J.: 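My questions all concern the structure below.
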Amino acid sequence: MSRLNLTLCTKTALLPQTNKTIAAAAAATSTSASTGGKWNTELRELSKQGQYSQALFFYRQMLRSGATPNAFTFPFILKSSAALSLPLPAFQLHCHVIKSGCHSEPFVQTALISMYFKFCLLGNAYKVFDGSPDSRKLTVCYNALISGYVQKARFLNGLLLFREMMVQGVPFNAITILGLVPGCTIPGHLDLGRSLFCLVLKSGLKSDLAVANCFLSMYLRCGSVDMARRLFDELPEKGLIAWNAMISGYSQNGLAKEVLDLYHDMQLSGLCPDEVTFVGVLSSCANLGAQRIGLEIEEKLERRGFGCNPFLKNALISMYARCGNLVKARATFDAMMHKNLVSWTAIIGGYGMHGHGEVSVELFDQMIQGGIKPDKVIFVSVLTACSHAGLTQKGLDYFDSMEKKYNLKPSSEHYSCVVDLLGRAGRLVEARKLIESMPMEPDGPVWGALLGACKIHKDVDLAELAFDKVVELEPRNIGYYVLLSNIYSDADNEEGVLRVRVMMRERGLKKDPGYSYVEYKGRTHLFMAGDRSHPQTKEIYAELKKLEALKIKYGEQENDELKRDQAIVNTAALHSERLAIAFALLHANTETDILVIKNLRICGDCHLFVKAVSKFVNYQFVVRDATRFHHFKGGTCSCNDYW
DNA sequence: ATAGGGTTAG
């Protein structure tokens, strides 16, 4: 009889229909009511598969059948209750634990502790730990407590407990470190992270892959990219997670080129990228305006069956939006079944940065109508959209609604948006008043927004005030010096221009050396003026010569406008751009090619240069600078301003 | 058999 039961159980456990599983298992076990064993096996399966509500249901059946839960039952049940965010059963379950006399079992205790942490009931969690003298000898209990405190932003409590462990002589293990280290990412604790790292090196845990990955992501989250890279390079074996951590860490720190290089290296190493990898890579494509790589990745995603991953969908929306392909961004967005706040933020921000503020506002209202609650991040997108589209009143209304309607405290980032909003509209006095009314200390971007507005509306006096403030806060941000210098220059104030220049020299600030880069086959190629470091330098310079030759061919034509362009090809753009374009021409050889070039100085002469070159070729150029997308085709250019 | 953990979008 009992053998028959066993087969029944295992068979049904494999069925996807859980209700059947429960019924069958319940029927099967009802004959041997007092032994918890088969119940526990079933509970483990349900909990493993994430079917938590079924697990709880099953537990109730178990009690009804008269079986007694034991120390092997509760960990599953407590975990299920925590996963379902049902605090009421949590207390009931705690009572059950006590009733069945399992409360001093270490595994049950740990499960109780972590359950209480999931419900943010830190006091209750600590009481479980404190209430039993044995728990102070157990690594597992400390582990649960430490990781709980760290996850609930109580790093200090976690640290104190870790110290207590050391003092008491309780051994720590890899899990202890994994729980504690993420807390070192809060500002000012990196040194602590480093000491922990030393400790781990001595303890022999360094060979634990998870521990190494944990430190890796700690460094990356703290912005210590170089340190992270060193650690990464030293890893004896790099798993997928290490690559992913490094790639998304670069991506979050704005090192988009490094992301693409690393993605390339990863493929060379024979590892297969997964969803997490692609999220990081796509977000870097967005930053570089590298739509073509983005498109390739989208194809790959479809092939790999990652088409439905919401993280990836959102990354795609953002990538297309930031590359200026609003049509595709919108199509991706519209096709998404379950749009979340991030999806909305991406599309709203996309329209905003390309000057379609009205669409952004419309979408935002639509989102609110749909019952999605906005957060601080989306307000930044909406406010920026309003200011770039000149929707001043609308923006002010939204800003007002943040606190009143949605109980969101504006951060200084929101203030800088509104200063920008007012400033662009020429309401400089109000902008300044807003800054003075801020509940927190205004930061660089806030004063910078005012300075930018002064440039538009030619207010030299206010500009000087804003500059004094912003330079105090960000003395090494060269952009502000350039801005003020331009303001003086617009006002024909030669003395002012000179003063700024002297100031820059005294502080040792130099304009960044000009560089340009082109993306090609998943890699980004960087060129500086006079650069000969590229492996294809020879060919590139040859191509450049051919470009010069074009001018001769061109000069034969009798057309004034063309002659002017020819002169520009000849004399204008800086060397780094020429190299980048020569490289691009060298490699592009299909008619549908779109060359995406990110260029920091696609202004004036360089703009005309690319325009002239595009007359000679069948390719399209998309050049992205700090403020616009420039789309060159057949000698014409259309610009999509962000602003 | 059972807890605790490393990588993901705006």
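All values reported here derive from a predicted model rather than from experimental measurement. Order of the sequence lines sets the chain letters (A, B, ...), proteins ahead of strands, with each chain counted from 1.
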J.: Reckon A:Gln252 has a side-chain N or O less than 4.0 Å from the OP1 or OP2 of B:dA9?
T.: yes
J.: List the residues meeting side-chain contact (heavy atoms from CB on, under 4.5 Å) with A:Asp130, not counting sequence neighbours, and say none if there are none.
T.: A:Tyr126, A:Arg136
J.: Compare side-chain N and O positions of A:Ser217 against OP1 and OP2 of B:dT7 and report whether any pair is under 4.0 Å apart.
T.: yes
J.: Rounded off to whole Å, could you give me the OH-to-P distance for the A:Tyr263 and B:dT8 pair?
T.: 18 Å
J.: Consider the side chain of A:Ser147, meaning its heavy atoms from C-beta on, and name the nucleotide among B:dT8, B:dG4, B:dG10 that approaches it most closely.
T.: B:dG4
J.: Rounded to whole Å, how long is the line connecting atom CH2 of A:Trp243 with atom C1' of B:dG6?
T.: 17 Å
J.: Nearest whole Å is fine: how far is B:dG5 C1' from A:Leu145 CG?
T.: 16 Å
J.: NA contact type, A:Ile113, heavy-atom cut-off 4.0 Å: base, sugar-phosphate, or nothing?
T.: nothing
J.: Quick one: does A:Asn309 reach the base of B:dA9 with a side-chain donor-acceptor pair under 3.5 Å?
T.: no
J.: Without swapping roles, check the side chain of A:Ser147 against the backbone of A:Gly179 for a donor-acceptor pair under 3.5 Å.
T.: no
J.: Stacking between A:Phe72 and the base of B:dT2 (centre distance under 5.5 Å, interplanar angle under 30°)?
T.: no
J.: A:Leu341 versus A:Ile378: any side-chain heavy-atom pair under 4.5 Å?
T.: yes
J.: Please list residues of residues 221-230 of chain A whose heavy atoms come under 4.0 Å from any atom in DNA chain B, ordered by number; otherwise none.
T.: A:Arg221
J.: Atom CD1 of A:Ile317 to atom P of B:dG10: distance rounded to whole Å?
T.: 11 Å
J.: Residues two or more places apart in sequence or in another chain: which of them pass salt bridge (charged side-chain N to carboxylate O under 4.0 Å, His left out) with A:Arg154?
T.: none
J.: Describe the nucleic acid contact of A:Asp274 in one word from base, sugar-phosphate, nothing, applying a heavy-atom distance below 4.0 Å.
T.: nothing
J.: Report the distance from atom CZ of A:Phe74 to atom P of B:dA1, rounded to the nearest whole Å.
T.: 20 Å
J.: Categorize A:Ala210 for me: base, sugar-phosphate, or nothing, with a 4.0 angstrom heavy-atom threshold over every strand shown.
T.: base
J.: How close or far is atom P of B:dA9 from atom CE of A:Met336, stated in whole angstroms?
T.: 14 Å
J.: Holding to side-chain contact (heavy atoms from CB on, under 4.5 Å), I want the full list of residues that pass it with A:Ala210, two or more places apart in sequence or in another chain.
T.: A:Leu178, A:Asp208
J.: Output all residues satisfying ring-ring contact (aromatic ring centres under 6.0 Å, His included) with A:Tyr59, sequence neighbours left out; order by chain, then residue number.
T.: A:His96
J.: Does A:Gln151 place a side-chain N or O at less than 4.0 Å from the phosphate oxygens OP1/OP2 of B:dG5?
T.: yes
J.: How about CD on A:Glu237, more than 12 heavy atoms from neighbouring residues, nucleotides or ligands closer than 6.0 Å, or not?
T.: no
J.: Without decimals, in angstroms, what is the distance between A:Leu312 CG and B:dT7 C1'?
T.: 13 Å
J.: Taking only the side-chain nitrogens and oxygens of A:Ser114, find out if one of them lies under 4.0 Å from OP1 or OP2 of B:dG4.
T.: yes
J.: Please classify the nucleic acid contact of A:Phe76 as base, sugar-phosphate, or nothing, using heavy-atom distances under 4.0 Å.
T.: sugar-phosphate
J.: Whole Å only: how far is the CG atom of A:Leu112 from the C1' atom of B:dG4?
T.: 14 Å
J.: Counting distance alone, no hydrogens or angles: does the base of B:dG5 have a donor or acceptor under 3.5 Å from a partner atom on the side chain of A:Asn143?
T.: no
J.: Looking at residues at least two apart in the chain, or sitting in another chain, which of them share a side-chain contact (heavy atoms from CB on, under 4.5 Å) with A:Lys339?
T.: A:Phe333, A:Met336, A:Ser343, A:Trp344
